[in-house]
**Student:** 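Structure provided below as structure tokens; questions to follow.
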Protein chains: 2
Amino acid sequence: MKTQRENSRLTTADRLVLTAMRLFGEKGYGSTSVADILREAGANSGSLYHAFPTKQDLLVAVLGLYRDGIEPMLLEPAWTGVDDPIEQIFALLASYRSRLEATGCTYGCPIGSLALELHEPDPPVREALAVNFDGWVSAVEGRLLAARDRLPAQTDIRALAQFVLTVMEGGVMQSRTHRSLQAFDAGVTVLRDYFQRLQTPPPTPDSTERS
Amino acid sequence: MKTQRENSRLTTADRLVLTAMRLFGEKGYGSTSVADILREAGANSGSLYHAFPTKQDLLVAVLGLYRDGIEPMLLEPAWTGVDDPIEQIFALLASYRSRLEATGCTYGCPIGSLALELHEPDPPVREALAVNFDGWVSAVEGRLLAARDRLPAQTDIRALAQFVLTVMEGGVMQSRTHRSLQAFDAGVTVLRDYFQRLQTPPPTPDSTERS
DNA sequence: TTAGGAGTTGATTGATCGATCAATCCAAGA
DNA sequence: TCTTGGATTGATCGATCAATCAACTCCTAA
């Protein structure tokens, strides 16, 4: 039983996608050569190009795998043992923090890295990236909706969910660049303060005003 | 008088750096070949390698130029005509919005793009990126300090300034990926709401409290 | 038992990459 | 005027890139 390399009981195509997923996350798309993928997957170039017309099609397959993995690989592990929907959001952020910490602030969000690395991606790639962001945002949106009654009535829930993604991605970017968790933690702390204030009923100093 | 290509009255080295700055911003570092730079700068490879030992040294020079340009090229234009320090912060964000809008959401923040494209940058590159972030954050921090009395006393000003950068970078990333200003605008709107709440005195239901 | 095709092998292709270097140009100092 | 050295030229290098393809293996269905 070989454990090195991507699970060798899988088909070659699956091994290639899993290896590419890992390497694209580690080194980016452009800096990962087809030869790198073939070597680490233990496959030959003919096998790759039998399963995928081009390297870019392999990338699209990787992005599809990320999309399908959001629920079972990302959300579910982050949320087990956390009941409060808003705390689930922060548990999700904490999972990114763990990832940063475990890798010395080199790994972050592979989707975000790819999104900024590929400046003018072909439509299928750009759409696959957007679908990943949408899936993430929708998951957070679901948690916010579960806490709807704790938030101001006029809150734009979708926009707030996008904002959570924004804070995560921006924090990861800075933490990776500074090789320090400080920036990520600062972002989460400020976001928590914002949620605190959202959940605190407004001034009501006199009485009327504010709908 | 040639106007095409980077100002031809400059030295060859300066033309190379300016051309590289533009191309690295447009296509990223890895996707910009030395041949691209030479062609658009109207120079020969020998000239480049006479001025810069490697392509990476050219990148470091570009990052230095960005750093030196923060004040005169970014902040000063964004802030003219805006007096309120907090509004200056949002004017800065608006300048990024303009940039996104003018380019169909393809350009964003070149520093952020490079920061995520280069996964394991050599120390001088990583440090040059970090210096750029620091300069940006310090500028925002200065505006927040100018509005110190309007913010809660216990506010972590530096962390809040980093948070502004986080929101900008995260918003740019999503807007570029979705090819739509919506995500960026949503981020700015939520940030504005947060600043609103920061500037609104807390509940004061009874009376005491507040340090 | 055999025919056929999906899957695999690995050498090879042409293009492109960053970088090199001998030759040449040219302006400033002696 | 001659000398010197920084700046420039442009052909060229070896490495590496994504992609190709004829040959081969092996499973399956007839």
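Here is the naming used below: chain letters follow the sequence lines, and residue numbers restart at 1 for every chain.
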**Student:** Report which part of the nucleic acid B/Ser31 touches: base, sugar-phosphate, or nothing (heavy-atom distance under 4.0 Å, all strands).
**Tutor:** nothing
**Student:** Between C1' on C/dG18 and CZ on B/Arg39, what's the gap in Å once rounded to a whole number?
**Tutor:**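 Result: 15 Å.
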**Student:** Counting side-chain heavy atoms from CB outward, which of C/dA19, C/dT9, D/dT8 is closest to A/Ser47?
**Tutor:**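 When the side chain of A/Ser47 is considered, C/dT9 is the closest of C/dA19, C/dT9, D/dT8.
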**Student:** Can you tell me how far CZ of A/Arg143 sits from CD1 of A/Ile86, rounded to the nearest 0.5 angstrom?
**Tutor:**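 A/Ile86 atom CD1 to A/Arg143 atom CZ measures 10.5 Å (nearest 0.5 Å).
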**Student:** Give the nucleotide from the list D/dT9, C/dA19, D/dA19 with an atom nearest to the side chain of B/Asn44.
**Tutor:**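 Selected nucleotide: D/dT9.
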**Student:** What integer distance in Å separates B/Leu38:CG from D/dT12:P?
**Tutor:**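 Taking CG of B/Leu38 and P of D/dT12, I get 17 Å after rounding.
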**Student:** For the side chain of A/His50, starting at C-beta, report the closest nucleotide among D/dT20, C/dA19, C/dG7.
**Tutor:** C/dG7
**Student:** Let me know the distance between CZ of B/Arg15 and C1' of D/dT8, rounded to the nearest Å.
**Tutor:** 11 Å
**Student:** We want to know whether A/Ser47 and A/Asn44 form a side-chain donor-acceptor pair, criterion being a heavy-atom distance below 3.5 angstrom.
**Tutor:**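 No, no side-chain donor-acceptor contact under 3.5 Å.
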**Student:** Could you give the CG-to-P distance, from B/Asp57 to C/dG18, as a whole number of Å?
**Tutor:**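 After rounding, the reported distance stands at 14 Å.
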**Student:** Decide, yes or no, whether a salt bridge links A/Arg179 with B/Glu127 under the criterion of side-chain N to carboxylate O below 4.0 Å.
**Tutor:**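 Judged by the 4.0 Å cut-off on N to carboxylate O distance, A/Arg179 and B/Glu127 do not form a salt bridge.
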**Student:** What is the distance, to the nearest angstrom, from the OH atom on A/Tyr49 to the P atom on C/dA11?
**Tutor:** 17 Å
**Student:** In whole angstrom, what separates A/Lys55's NZ from C/dA15's P?
**Tutor:** 20 Å
**Student:** D/dC21 P sits how many Å from A/Leu48 CG, rounded?
**Tutor:** 16 Å
**Student:** Can you find a side chain N or O atom of B/Thr11 that sits less than 4.0 Å from OP1 or OP2 on D/dA7?
**Tutor:** no
**Student:** Figure out the CG/P separation between B/Leu23 and C/dC17, and round it to whole Å.
**Tutor:** 12 Å
**Student:** Output the single nucleotide from D/dT8, C/dG18, D/dA19 whose closest atom is nearest the side chain of B/Ser33.
**Tutor:** C/dG18
**Student:** With a 4.0 Å cut-off on N to O distance, would you call A/Arg126 and A/Asp122 a salt bridge?
**Tutor:**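 Here A/Arg126 does not pair with A/Asp122 in a salt bridge, since their nearest N and O are not under 4.0 Å apart.
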**Student:** Closest approach to the side chain of A/Ser45, judged atom by atom: which nucleotide of C/dT8, D/dA19, D/dT8 is it?
**Tutor:** D/dA19
**Student:** Side-chain N or O of A/Thr12 less than 4.0 angstrom from OP1 or OP2 on C/dT8?
**Tutor:**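 A/Thr12 to C/dT8 OP1/OP2: side-chain N or O found under 4.0 Å.
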**Student:** Is the ring pair A/His178/B/Phe133 parallel, tilted or perpendicular, if the boundaries are 30 and 60 degrees?
**Tutor:** tilted
**Student:** When you match A/Pro53 and A/Asp36 each to their closest nucleotide on DNA chain D, which lands nearer the 5' end?
**Tutor:** A/Asp36
